[in-house]
Amino acid sequence: MAMKINEAGLKLVKEFEGCRLKAYKCPAGVWTIGYGHTGKVDGKSICSGMVISQEKADALLREDMKRFEDAVTNCKFLSFAPNENQFSALVSFAFNCGKGNLNTLVKGRTATTVSNKILLYNKANGKILAGLTRRRKAERDLFLKPAKLKTVEEVAREVISGKWGNGSDRMKRLTEAGYDYSEIQKKVNELLS
């Protein structure tokens, strides 16, 4: 099962990107909209005056996360198997800095070295930015936070207690946290019968 950015990683991305429904130029001079989206919107390049809905911003973020989850999953330079927090921190980093910088950050480095070097990516156009310094620190903190992997049964019991919500919201939250929804649901059904 492919890993996905966890809730802590997604929260970090949303917090630092912010959500702007009207197009703007980021500090690096790139047209941006939503949660730091820089690609096309419905086939159109982002430009001055473009406005999107909150629903579109959320959909663009989900699409963007998939691309950067794949970038981390398929990174041939990653020499260690990241836990869910390391993975999520690297997805946030790649989303902000790009796949090329992800490759440079991890190439031939241990997890410990990566956790230290990530702090150096705090510049735009050669200038240190306070916002990027804070973001890299938050990504490093997430990267260093031990990931306690729960068993399928532990998560199923949490589902039964209502922790994960209901219906499609539950499915979305479990999937975003990196769990196999059908496997969890199967265990829920076993426990309830």
Ignoring hydrogens and geometry, is there a side-chain-to-backbone donor-acceptor pair from R20 to G34 under 3.5 Å? no
Any sub-3.5 Å donor-acceptor pair from E183's side-chain atoms to D180's backbone N or O? no
Does the pair K145 and D141 meet the rule for a salt bridge (charged side-chain N to carboxylate O under 4.0 Å, His left out), with working shown? CA-CA 6 Å; K145 184 178 178 185; D141 290 348; over 6 Å; no
Under the rule for ring pair (Phe, Tyr, Trp, His ring centres under 6.0 Å), what residues qualify as partners of F93, not counting sequence neighbours? Y121
F87: partners by ring pair (Phe, Tyr, Trp, His ring centres under 6.0 Å), with sequence neighbours left out: none
What closest approach, in Å, do [X] and [Y] show between heavy atoms, and which atom pair accounts for it?
{"X": "I33", "Y": "A23", "result": "CD1-N, 3.6 Å"}
{"X": "S115", "Y": "F143", "result": "CB-CD2, 3.6 Å"}
{"X": "G108", "Y": "S79", "result": "C-OG, 4.5 Å"}
{"X": "C75", "Y": "N103", "result": "SG-OD1, 3.3 Å"}
{"X": "P146", "Y": "N85", "result": "O-ND2, 3.4 Å"}
{"X": "I5", "Y": "M65", "result": "CD1-SD, 3.8 Å"}

Just jot down the side-chain contact (heavy atoms from CB on, under 4.5 Å) partners of [X], sequence neighbours excluded, or say none.
{"X": "S92", "value": "L12, V13, R135, E139"}
{"X": "S193", "value": "none"}
{"X": "S45", "value": "K40"}
{"X": "L191", "value": "E153, A156, R157, I160, K187"}

Taking only residues two or more places apart in sequence, or in another chain, which ones meet [X] in a side chain to side chain donor-acceptor pair (under 3.5 Å)?
{"X": "Q86", "result": "none"}
{"X": "N116", "result": "R140"}
{"X": "T133", "result": "N122"}
{"X": "N189", "result": "none"}

CA sep, side-chain torsions, deciding dist, call: D64, R67, salt bridge (charged side-chain N to carboxylate O under 4.0 Å, His left out): CA-CA 5 Å; D64 287 340; R67 288 199 343 264; 2.6 Å; yes
Measure the shortest side-chain to side-chain distance between V41 and I46 over non-hydrogen atoms and say whether it is less than 4.5 angstrom. yes
How far does [atom1] of [X] sit from [atom2] of [Y], to the nearest 0.5 angstrom?
{"X": "E69", "Y": "K66", "atom1": "CD", "atom2": "NZ", "result": "8.5 Å"}
{"X": "R109", "Y": "I118", "atom1": "CZ", "atom2": "CD1", "result": "11.0 Å"}
{"X": "C97", "Y": "L102", "atom1": "SG", "atom2": "CG", "result": "9.5 Å"}

Hey, could you give me each pair passing ring pair (Phe, Tyr, Trp, His ring centres under 6.0 Å) that has a residue in residues 13-66? Not counting sequence neighbours. none
Could you check T112, V106, V114 and say which one makes a side-chain contact (heavy atoms from CB on, under 4.5 Å) with T110? T112
With a cutoff of under 4.5 Å between side-chain heavy atoms, which Ile, Leu, Val, Met, Phe, Trp and Tyr residues group with L132? L129
K137 NZ: over 12 foreign heavy atoms closer than 6.0 Å: no
